[in-house]
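Since the structure is predicted, the reported quantities are computational estimates derived from the model, not experimental observations.
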Amino acid sequence: MTDARREWISKRAYTLWEEAGRPHGHDGDHWEQAVRERDEFERVALVDDVKPIGAKKPLIDISTDAKATKTVSAKPKKKAEAEKPVTAKAVAKAKSAKAVNSKPI
């Protein structure tokens, strides 16, 4: 076992022990789990190294529809088109006009 591998397993076993609440007497279990995780890590790393150059999977898959679609940003309204705040006078005027129009003739 190389020093780097042993150090990684040791640190991982310690982390597993801490995550388990630091139980007494389970150091062998944590060490075995760390060894299994390191073996899996090395196995996956070897499989990835066998792939041909340029055949790496991109970090983010972008569909062809998303590539073709151009994003359109909303244009800000001009001052004349911007909504004006409603004042109390305008509300009162609208109410009185509605009251006048609703009276029977």
Side-chain angles (χ1 to χ4, degrees):
M1 185 179 308
T2 64
D3 290 338
R5 178 182 163 82
R6 182 176 173 81
E7 182 179 354
W8 188 94
I9 292 170
S10 175
K11 287 181 180 181
R12 180 62 183 145
Y14 182 82
T15 302
L16 293 169
W17 174 69
E18 283 186 324
E19 289 174 354
R22 299 180 176 188
H24 181 71
H26 294 281
D27 55 327
D29 297 334
H30 298 131
W31 186 269
E32 289 173 8
Q33 182 178 346
V35 169
R36 285 192 304 270
E37 289 178 13
R38 179 62 186 214
D39 289 343
E40 178 66 16
F41 173 75
E42 290 174 349
R43 186 188 65 76
V44 170
L46 288 174
V47 170
D48 287 343
D49 287 343
V50 174
K51 291 181 182 177
I53 297 174
K56 292 184 179 180
K57 182 179 176 184
L59 296 175
I60 300 174
D61 290 329
I62 300 175
S63 68
T64 55
D65 295 337
K67 289 179 185 176
T69 306
K70 184 178 180 182
T71 58
V72 179
S73 60
K75 295 181 182 178
K77 292 182 178 181
K78 296 179 183 178
K79 284 188 177 182
E81 295 175 4
E83 293 181 22
K84 296 180 181 176
V86 178
T87 61
K89 285 183 181 180
V91 172
K93 190 175 182 180
K95 284 183 181 179
S96 65
K98 185 177 180 182
V100 170
N101 293 334
S102 64
K103 289 182 182 178
I105 301 178

Ion pair Glu40/Arg36, N-O distance below 4.0 Å:
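Result for this pair is no, no salt bridge flagged.
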Quiz item: Got more than 12 heavy atoms from elsewhere within 6.0 Å of CZ, Arg5?
Solution: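 More than 12 within 6.0 Å, yes.
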- prompt: Which heavy-atom pair separates Leu16 from His30 by the least distance, and what is that distance?
  reply: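 Shortest heavy-atom contact: CD1-O, 3.7 Å.
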If I compare all heavy atoms of Ala34 with all of Ile9, which pair ends up nearest, and what's the gap?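 Closest approach of Ala34 to Ile9: CB-O, 3.5 Å.
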Measuring from Gln33:CD to His26:NE2, what's the distance to the nearest 0.5 Å?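 The CD atom of Gln33 sits 12.5 Å away from the NE2 atom of His26.
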- request: Identify the residue among Lys11, Glu18, Arg12 that makes a side chain to side chain donor-acceptor pair (under 3.5 Å) with Tyr14.
  value: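 When side chain to side chain donor-acceptor pair (under 3.5 Å) is applied between Tyr14 and each of Lys11, Glu18, Arg12, only Glu18 qualifies.
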Between the side chain of Trp17 and the main-chain N/O of Pro23, is any donor-acceptor distance below 3.5 Å?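 Yes, Trp17 side chain to Pro23 backbone: donor-acceptor pair under 3.5 Å.
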